[in-house]
Amino acid sequence: MTEPLRDEPGRRPVAQSETVHHGMVWDLVRDTIDFAPGVRFDREYIRHTGAVAVLAVDDADRMLLIRQYRHPVGHTQWEIPAGLLDIAGEDPALAARRELREEAGYDADAIETLVDTRPSPGGSDEVIRVHLATGLREAVEEGFERRDEEAELEVRWEKVEDVARAVLAGDLTSGTLVTGVLALVARRALGAPSRGAVAPFPERPGRG
């Protein structure tokens with residue numbers, strides 16, 4: 001019998017763990033891992049809050065994009081709304097709705113899980129959930145003020161197919177955008193079912 005094609009949990013024993021650096025948003029952790037009998041080594045990685053992103057599609061099959069400056073890569077990029085899971089106990093779907101409203105000024109009638117990704121599992125425990133939002137309408141402003149890098153956010157609508165083509169041409173490289181739009185195109189091509197809004201969030205072990 002062929003085993004299911006899926007990632008398998010199974011955290012190896014950690015002999016020692018220390019926070020090497022407390023960052024502004026994320027921490028750098030060093031773990032000493034008992035990998036196998038007689039095999040022990042250290043690994044440093046970023047302990048991340050986790051994040052959500054929102055691929056919002058309107059009735060004309062246009063995708064909502066936002067443009068903002070990203071200092072680590074030195075580029076102003078087209079992305080999809082996204083944000084950290086940094087509010088204790090907040091449901092990822094509610095966080096996605098919040099980010100859609102705050103960054104783009106839209107609410108959605110429906111929101112569902114599109115795809116989960118661990119963008120850098122060798123260096124971070126980050127998990128990003130990309131949601132699909134439909135039934136879009138402009139949000140009623142409630143006094144929210146964009147600050148700092150979000151103050152100059154630009155919103156643009158483009159056809160899903162055109163965004164996917166730009167990704168494959170190498171013109172768009174934001175990780176959540178790339179993952180989200182290609183997942184949507186694949187889901188449509190395969191006729192894959194929706195995972196719903198409350199699919200279990202991927203496990204992040206070692207969080208006390």
Is there a path from [X] to [Y] through hydrophobic residues (I, L, V, M, F, W, Y) whose side chains come within less than 4.5 Å of each other?
X    : Y    : value
L84  : I128 : no
V160 : L168 : yes
V181 : L65  : yes
V39  : I33  : yes

Check [X] against [Y] and note the closest heavy-atom contact, atom names and distance.
X    : Y    : result
R187 : L132 : NH2-CD2, 3.6 Å
S194 : E112 : OG-OE1, 2.6 Å
E126 : A51  : OE2-CB, 4.2 Å
P92  : V52  : O-CG1, 3.6 Å
Y69  : H71  : OH-ND1, 2.8 Å

N/O donor-acceptor pair under 3.5 Å between [X] side chain and [Y] backbone:
X    : Y    : answer
T113 : G196 : yes
D58  : A60  : yes
H48  : I46  : no
D91  : A93  : yes
R101 : A108 : no
R156 : W78  : no
R12  : F35  : yes

Within 6.0 Å of [atom1] in [X], more than 12 heavy atoms from elsewhere:
X    : atom1 : answer
D42  : CG    : yes
E3   : CD    : no
E138 : CD    : no

Just verifying a value: how many Å separate [X] [atom1] and [Y] [atom2], rounded to the nearest 0.5 Å?
X    : Y   : atom1 : atom2 : value
E103 : R98 : CD    : CZ    : 9.5 Å
T134 : D61 : OG1   : CG    : 11.5 Å
L153 : R67 : CG    : CZ    : 11.0 Å
I66  : E79 : CD1   : CD    : 6.0 Å
T19  : R47 : OG1   : CZ    : 6.5 Å
H21  : L28 : NE2   : CG    : 7.5 Å

Original post:
Step by step, would you call L85 with F201 a side-chain contact (heavy atoms from CB on, under 4.5 Å)?
Top reply: CA-CA 12 Å; L85 285 170; F201 199 78; 3.7 Å; yes
**OP:** Classify the side-chain pair Q77/T173 by whether it contains a donor and acceptor separated by less than 3.5 Å.
**Re:**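 Result is yes, a qualifying pair exists.
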Original post:
For R137 and D109, what are the C-alpha separation, side-chain angles and deciding distance, and is it a side-chain contact (heavy atoms from CB on, under 4.5 Å)?
Top reply: CA-CA 8 Å; R137 61 188 183 281; D109 289 336; 2.5 Å; yes
State, with a plain yes or no, whether a side-chain heavy atom of [X] is found less than 4.5 Å away from one of [Y].
X    : Y    : result
R11  : D31  : yes
R30  : E44  : yes
L184 : V57  : yes
H131 : L114 : no

Subject >> Sidechain N-carboxylate O distance under 4.0 Å for R195, D116 >> reply: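 D116 and R195: salt-bridged.
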**OP:** Show the numbers, then the answer: is there a side-chain contact (heavy atoms from CB on, under 4.5 Å) between M63 and L177?
**Re:** CA-CA 10 Å; M63 204 175 129; L177 184 152; 4.1 Å; yes
Subject >> Sole candidate of T179, L64, V130 that passes side-chain contact (heavy atoms from CB on, under 4.5 Å) when paired with I80 >> reply: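 Single pass found, and it is V130.
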Original post:
Going through the distances and angles, do L100 and L136 end up as a side-chain contact (heavy atoms from CB on, under 4.5 Å)?
Top reply: CA-CA 10 Å; L100 179 62; L136 304 175; 4.2 Å; yes
